[in-house]
Structure formats: structure tokens, C-alpha cells
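This report concerns only the one structure given below.
Atoms within each ligand, like the ligands themselves, are counted from 1 in listed order.
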Amino acid sequence: MAQQQTPYELLGGEAALKRLVDRFYALMDSEAAYQGIRRLHPRDLAGSNEKLYMFLSGWLGGPPLYFQKIGHPMLRARHLPFPIGSPERDAWLDCMRRALEDCEVEPPELRAWLMEQFTGTADWMRNKPGDLPEGA
Ligand code: HEM
């Protein structure tokens with residue numbers, strides 16, 4: 001029986017994931033709507049790009065690069081230095097939605113599934129007093 005494909009494979013593997021992350025940060029770097037979250041990042045986005053690529057690789061069922069090179073992601077803890085509320089969450093998600101669209105990630109069900117996963121995680125990153133996720 002054929003093994004079920006991972007989301008990483010469905011997306012198109014390493015090259016497709018790299019393209020997606022490149023597009024995500026290119027949009028964040030250039031679009032006025034994302035300057036609020038762009039400002040939270042270092043001037044040079046190369047390191048952020050590499051880290052998100054490595055993280056998503058494992059998160060989507062591909063090689064666990066982040067774990068191998070950096071360690072446990074502890075994503076919420078690693079985001080605590082940056083003030084993230086609902087507007088920042090929504091900007092991040094919109095930037096990713098556009099990147100998925102621009103990269104023509106198909107089928108639409110895969111795109112919707114990815115957005116669902118991103119939404120849950122992005123919501124969990126909120127860390128502003130008065131704008132915290134349930135359970136934080
Ligand atoms: C909710 C809105 C979010 C904002 C405003 C945000 C912002 C940031 C910032 C400013 C950094 C530091 C960049 C750097 O050290 O170069 C970062 C790191 C990172 N973010 Fe986010 N992020 C958000 C959501 C997410 C989500 C949803 C994911 C994953 C699905 C994610 C994955 C990562 C990873 C893997 C790192 C690198 C962590 C490290 O090794 O230091 N972020 N993020």
C-alpha cells in the first residue's frame with residue numbers, strides 16, 4: 001500500500017518550501033501592510049528566512065532541520081521578546097496567505113490546510129497583556 005504523502009511532499013519538497021519562505025519575507029520586506037511586523041525583525045532577513053525554512057521543513061513532515069541545527073523550537077518562548085498582538089498575528093497570516101497564493105500552492109485544500117495550521121500557531125504567539133491567547 002502506498003504510504004500517505006506528508007504535507008512537505010505535497011507542497012513540493014525543499015525547493016517549493018524555500019520558494020514559499022523567500023516569497024513570504026520578500027512580501028514582508030516590501031509591502032506597506034506588513035511594515036509593523038517587518039520592524040520587529042532584524043535589518044537583514046536572511047537569518048529569519050533560514051530559521052523559518054528549517055522550522056517548517058520539520059513541522060510539515062520533512063527533514064527536522066531546525067531541531068537538528070538549533071534544538072527544540074519553543075516557538076512561543078522565542079517570540080516573547082517581540083510584542084505580538086492580534087494585529088501582528090493577522091499581518092503575519094495575511095503575508096503567508098499571499099505568499100501561498102503567489103507561489104501557486106495547489107490544490108486549494110492544501111492551501112486551506114496550511115493556513116489552518118499557521119492560524120493556530122500564530123494565534124498562540126500573541127503575548128501582549130490584554131491580547132493573550134486562551135491558556136497562555
Ligand atoms: C504571529 C505573528 C508572528 C510574528 C510577528 C513573528 C515574528 C518573529 C520575529 C520578529 C522573529 C525573530 C526573527 C529573527 O530572529 O531573525 C521570529 C522568529 C521565528 N518565527 Fe515568528 N512570528 C510570528 C509568527 C510565527 C509563526 C506562526 C511561525 C511558525 C509557523 C513562526 C516561526 C518562527 C521561527 C521558526 C523563528 C525563529 C526562532 C529562533 O530560532 O529564534 N513565527 N518571528
Backbone N/O of H79 and side chain of N127: donor-acceptor pair under 3.5 Å: yes
With heavy-atom distances below 4.0 Å as the criterion, list the atoms of ligand 1 near R89. 1 (C), 2 (C)
Could you work out, for atom 1 (C) of ligand 1, the closest of G58, C95, A122 by heavy-atom distance? A122
Go through ligand 1 atom by atom and flag the ones less than 4.0 Å from a non-hydrogen atom of L40. 5 (C), 10 (C)
Atom 9 (C) of ligand 1: nearest protein contact (heavy atom, Å): H41 NE2, 3.4 Å
Apply side chain to side chain contact (heavy atoms under 4.5 Å, CB included) to residues R89 and S86 and explain how you reach the verdict. CA-CA 5 Å; R89 171 199 63 192; S86 303; 3.5 Å; yes
Nearest to atom 15 (O) of ligand 1, what protein heavy atom do you find, and at what distance? K51 NZ, 2.9 Å
Should one rank Y25, Y53, W59, Y66 by closest heavy-atom distance to atom 40 (O) of ligand 1, which comes out on top? Y66
List the atom pairs, donor and acceptor, that lie under 3.5 Å between side-chain atoms in residues 109-116 and the rest of the protein, sequence neighbours left out.
{"from": "R111", "atom 1": "NH1", "to": "V105", "atom 2": "O", "distance (Å)": "3.1"}

Going by heavy atoms in the side chains, are Y25 and Y34 under 4.5 Å from each other? no
Single-linkage hydrophobic cluster, 4.5 Å side-chain cutoff, F118 and F82 together: yes
L45 and R38, any side-chain heavy atoms less than 4.5 Å apart: yes
Counting only heavy atoms closer than 4.0 Å, does ligand 1 sit against the backbone of P42, its side chain, both, or neither? side chain
Under 3.5 Å, which donor-acceptor pairs do the side chains of residues 63-74 form with other protein atoms, sequence neighbours left out?
{"from": "Y66", "atom 1": "OH", "to": "R78", "atom 2": "NE", "distance (Å)": "2.8"}
{"from": "H72", "atom 1": "ND1", "to": "M74", "atom 2": "N", "distance (Å)": "3.1"}

Numbered atoms of ligand 1 (with element) below 4.0 Å of I37, judged on heavy atoms: 5 (C)
Do L80 and I84 share a hydrophobic cluster (ILVMFWY, side-chain heavy atoms under 4.5 Å, transitive)? no
The protein N, O or S atoms lying under 2.8 Å from atom 21 (Fe) of ligand 1 are H79 NE2
Contacts under 3.5 angstrom, residues 13-22 side chains, donor-acceptor by atom type, not counting sequence neighbours:
{"from": "E14", "atom 1": "OE2", "to": "K18", "atom 2": "NZ", "distance (Å)": "3.2"}
{"from": "D22", "atom 1": "OD1", "to": "N49", "atom 2": "ND2", "distance (Å)": "2.9"}

Are side-chain heavy atoms of L40 and P83 found at a separation under 4.5 Å? yes
Please could you name the atoms of ligand 1 that F55 approaches to less than 4.0 Å, counting only its heavy atoms? 29 (C), 30 (C), 35 (C)
